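Here the structure is laid out as C-alpha cells; the discussion comes afterwards.
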Amino acid sequence: MIYKNREVCKDTYYVGGSDRRLALFENIYPLENGASYNSYIILDEKTCVLDGVDHSVRDIYIDKVKAALNGRKLDYLIIQHMEPDHACCLKDLIAVYPDLTVVLNSKTWEMFKNFNEGVEVKNVKIVQEMDTLSLGKHTLVFVFAPMVHWPEVMVTYDAYTKTLFSADAFGTFGALSGNLFADRVKFEKEFEDEARRYYTNIVGKYGTQVQAILKKAATIEIENICPLHGPIWRQDLNYLIDLYDKWSRYEPEVNGALIVYGSVYGHSEVAANIIADNLSELGLKEIALYDASKTDKSYLVAEAFKYSHLIICASTYNMGIFTPVEEFLLDLKYHNLQNRKFAVVENGSWAPNSGGLVVKILGDLKDFEQIGEKVTFKSSVKTNDATKLDELSKQIFDTIPQRKESDNPLFNLTYGLFALSTFDGKKQNACIINTVNQVANNPDRIMICVNKANYTANVIKETKKANINVLTKHTPFSLFKRFGFQSGASVDKFQCFEDFKIAKNGIAYLTKYANAYISLDVVETLDLGTHYGFICTISEMKTLNSDTSLTYDYYMKNIKPIPPKTNKKVGWICKICGYVYEGEDLPKDFICPICKHGVDDFERLK
C-alpha cells in the first residue's frame, strides 16, 4: 500500500483523511478549508478500529486500514457515534472484514440498523457504561456521553496509553495538511476560531451534557485526545479543556463588545459604527463589528459565545427584524446561549418595530440582561440620535469588567518555572522553583533560590549539587502535582516516573517537558530568611529541544486548572439523552423535548 502508518501513540495509528472540497459541513455551515474525518486503529494481540469516516474519504480509509493491518485480521470495530460523516462507510469495512466484532452500545446498535437496512453483522458486542475490552496490553474503557452531540455517543479511554478517543468532542472544522498533531500547527492562529465555531454550532446547545463528560474526564489521567475532526492533542491538554469548560458553562472568553448590525441602506450601520467608535474612545480594546448580511450566522454565533456583551442594531423589515439579524438571534436561542448583557438599537422609516422583537428574543434567554433602554431612530441618525447612542455607549462600557492593574511593582517582575532535581544518596528528588538567574560570566555563575521548608533545599545544602530542568510550555499540570504538591521527605517523587535519565553528576534530568538541563555545583550559600540562595558553577549543560520555555504567567493562564464553579443546578436529567430540566419539581406530564421520553426516565440532578 502507498500510505505510511502514522503513529499517534504506542500501537495506535491514524487511518482517517481530509476532504478539502467540502463547502458546507452538515450541508449548512460554510467551510474555508474543508474538514478532516479521523479514525484510528490499535494493533495489539487483538486489532481494533475506532469509528469510520465520510464517504468522501472512504477509499483512503479502507486502504489505510489494510496497510496498517498488513495481512492481519481485524478483530473489533468500535462505533462511538453513528452520524453518517463517521459511519456511512462502516458497512464497507464490515464487507472487507466480515468476521470482525462490532462493539457499540444499545442506542448505537438501533441507529446502525436504521441506517443500514439489510447489512449483515455476524458478531455484535453491546457494551454498558464503564465496560472494558482487553486487546492485550491495551484495555479500553467505554464512557457514555449522551447528547455530545447525539444521544448514542460514547467515548473510549485506552488505559495503557492514557488516550481519550473523544468522538465529536474536542473537534474542529478544517482539513489536516500532513501535521496530525495540534502541537505541530499554530493552533491558536489556524484552528482556535474554527474550533470555537465547530463547538458552538454543533455542540453549543448541550452545555450541561458537555459539563457531565468533562467531570468524568477529570477523574482519569489523559495524555492524548483523539477527536473525530481536527488535530490530535498530545500536549497542552488543559488549554483545550479549559476552552470547552468555558464554552459549556456559557462563560465569555473576552470581556468586550460584539456589535452585529443589519442595515438595508446603511443607516443602521452608521449607528453601529458610532457605538464602536465610542467604546474605543472610552478605552475598550475588545470590539468586534459584523454585518449580518455579509457574515454567515455560524461565525456570529461563535463570536457571541466569545464576547461578554452583545449589541444589536437592526432595521425594521416587514414590521419585523431585518431578516439576517433575526436568523442570527434565533440561532442564538436554538444554541442555548446564556449569561450575556445586551443593548438594542432599532431603525424604521415610518414604524420602527425591530427593537422590541429583539428584546423579546434575547430577554427570554437565560441570564440575559438588557443595558439601558433601546435607542430608536427614524430613517437616519440625526444629532439627537447620536447623543442617545453616546449615552448608550457609556452605559455599555460601564458594565464591561475592566482589568485591574496591580499597584505593586513586584508583580511586574517575570519568572520562569523549573524542576530542580537532587539526589540525597538514596533516592532522586525534585521540586518546582521559579527563581533561576545567570548572575555572572567568565566563569558562568547561576543563582537559584529555594524555600527552606523544601526537602530539596536541605539536600542541596548537604550535597552541594543539583540539576536545573528548564520546563516548557507543554508541561502538563500532572508534573507540577508530582514534583510540587508533595514532599520528597516522605514520598519518592520518581516512583513510576519514566521520563528521566541520569546526568554525569548522578542526578536525574527530565527527558520530557524540559528543553534543557544544567548541572550545578554550589560554591556559596546565602541565608535569605525564608529562602536559601545558592551561587553555583556549571559542571554540565545540554539543550534537549527547541520548545518554548515556560513562564509563571503562562502556567497561571493555561496550565493550572480553573477552580470549578460552585453554583449547583437544581433540576432533573433525562436518563435517555441527558436533557436537563431546571426546577425543583418536574411536571407529571412533562415530555423530554429531545428524545420524547416521559417523567419515568428522569432522575434528580446530583
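Just so it is clear, the structure is predicted and the values come from calculations on it, not from any experiment.
- Applying the side chain to side chain contact (heavy atoms under 4.5 Å, CB included) criterion to E281, with sequence neighbours excluded, gives no partner residue.
- Checked against a 6.0 Å centroid threshold, the rings of F477 and F485 count as neighbours.
- In the model, D19 has no side-chain atom that pairs as donor or acceptor with a side-chain atom of Y37 under 3.5 Å.
- Panel note: side chain S39, backbone V53; no donor-acceptor pair is recorded below 3.5 Å.
- For the pair V153 and D168, the minimum side-chain heavy-atom distance is 4.5 Å or more.
- Heavy-atom neighbours of R184 CZ from other residues, nucleotides or ligands within 6.0 Å: at or below the threshold of 12.
- Under the 3.5 Å distance criterion, the side-chain polar atoms of Y29 are left unmatched by any main-chain donor or acceptor of S298.
- Under the 6.0 Å distance and 45° angle rule, R197 counts as a cation-pi partner of Y299.
- For the 3.5 Å distance criterion, the side chains of N38 and H86 fail to qualify, holding no donor opposite an acceptor.
- Under the rule for a side-chain hydrogen bond (donor to acceptor under 3.5 Å, both in side chains), the partners of D364 that lie at least two apart in sequence or sit in another chain are K360.
- Between the side chains of H267 and N347, no donor-acceptor pair of N or O atoms lies under 3.5 Å.
- For the pair I311 and V260, the minimum side-chain heavy-atom distance is 4.5 Å or more.
- Between L357 and G320, the shortest heavy-atom contact is CD1-CA, 3.6 Å.
- If you check the side chains of D390 and N278, you find a donor sitting under 3.5 Å from an acceptor.
- When only modelled atom types and interatomic distance are considered, Y206 and N336 share no side-chain donor-acceptor pair under 3.5 Å.
- For the residue pair H55/D85, the side-chain donor-acceptor check at 3.5 Å is not satisfied.
- Counting all heavy atoms, side chain and backbone alike, H474 lies closest to D236 at ND1-OD2, 2.9 Å.
- The main-chain N or O of V127 is never found under 3.5 Å from a side-chain atom of N105 such that the two would form a donor-acceptor pair.
- Atom CZ of F181 has more than 12 heavy atoms from other residues, nucleotides or ligands within 6.0 Å.
- Taken to the nearest 0.5 Å, the CG atom of L471 stands 11.0 Å off from the OH atom of Y555.
- Looking at K246 and D242, no side-chain N of the basic residue comes within less than 4.0 Å of a carboxylate O on the acidic one, giving no salt bridge.
- In this structure the side chain of I275 reaches within 4.5 angstrom of the side chain of I259, judged on heavy atoms.
- The closest side-chain heavy-atom distance from T12 to I41 is not below 4.5 Å.
- For the pair M130 and F142, the minimum side-chain heavy-atom distance is 4.5 Å or more.
- Figure legend: cation-pi geometry between K64 and Y3, with NZ or CZ positioned under 6.0 Å from the six-membered ring centre and within 45° of its axis.
- Remark: E26 CD is packed, more than 12 non-hydrogen atoms of other residues, nucleotides or ligands lying under 6.0 Å away.
- Between C226 and T163 the shortest side-chain heavy-atom distance falls below 4.5 Å.
- Taking D553 as the reference, K557 meet the side-chain hydrogen bond (donor to acceptor under 3.5 Å, both in side chains) condition, with sequence neighbours excluded.
- The pair R196-E253 counts as a salt bridge, with a side-chain nitrogen and a carboxylate oxygen less than 4.0 angstrom apart.
- A salt bridge does not link E251 to R340: none of the charged side-chain nitrogens sits closer than 4.0 Å to a carboxylate oxygen.
- The salt bridge (Lys or Arg N to Asp or Glu O under 4.0 Å) pairs that include a residue from residues 145-167 number zero, where partners must be two or more places apart or lie in different chains.
- Using a 4.5 Å heavy-atom threshold, the side chains of L550 and V470 count as separate.
- Here the closest non-hydrogen pair linking Y250 and H335 is CE2-O, 4.1 Å.
- Ring geometry, Y415 versus Y552: the interplanar angle exceeds 60°, so the pair is classed perpendicular (tilted spans 30 to 60°).
- Residues N545 and A514 approach most closely at ND2-O, 3.0 Å, considering heavy atoms.
- Here the closest heavy-atom approach between residue T475 and residue Y513 is recorded as OG1-O, 3.4 Å.
- T472 places no side-chain N or O within donor-acceptor distance of the main-chain N or O of T548, the cut-off being under 3.5 Å.
- With 3.5 Å as the limit, one finds a donor-acceptor pair spanning the side chains of S268 and S315.
- Put simply, the side chain of S280 never gets that close to the backbone of A276: no donor and acceptor are under 3.5 Å apart.
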Please test K216 against E129 for salt bridge (charged side-chain N to carboxylate O under 4.0 Å, His left out), starting from the C-alpha separation and ending with a verdict. CA-CA 12 Å; K216 292 179 182 179; E129 173 100 49; 3.4 Å; yes

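- Remark: H149 engages H81 in a ring-ring contact (aromatic ring centres under 6.0 Å, His included) (not counting sequence neighbours).
- The distance between the ring centers of H229 and Y198 falls below 6.0 angstrom.
- A donor and an acceptor atom, one from each side chain of N515 and S549, are located under 3.5 Å apart.
- Looking at L258 and F342, their side chains never come closer than 4.5 Å, going by heavy atoms from C-beta outward.
- A search for side-chain hydrogen bond (donor to acceptor under 3.5 Å, both in side chains) contacts involving K366 returns E582, not counting sequence neighbours.
- In summary, the side chains of T172 and E194 do not present any donor paired with an acceptor at a separation below 3.5 Å, with no hydrogens or angles considered.
- Of the N and O atoms on the side chains of Q80 and T156, at least one donor lies less than 3.5 Å from an acceptor on the other residue.
- Ring-plane geometry between W233 and Y239 is classed as tilted, the angle between the planes lying from 30 to 60 degrees on a 0 to 90 degree scale.
- Counting only distance, with no hydrogens or angles, the side chain of S248 and the backbone of D245 share a donor-acceptor pair below 3.5 Å.
- Taking the six-membered ring wherever Trp is involved, the centroid distance between the rings of Y40 and Y13 does not fall below 6.0 Å.
- Between A343 and I396, the closest heavy-atom pair is CB-CD1, 3.8 Å.
- Each of F191, W247, F173 was evaluated against Y199; a single residue qualifies, W247, per the ring-ring contact (aromatic ring centres under 6.0 Å, His included) test.
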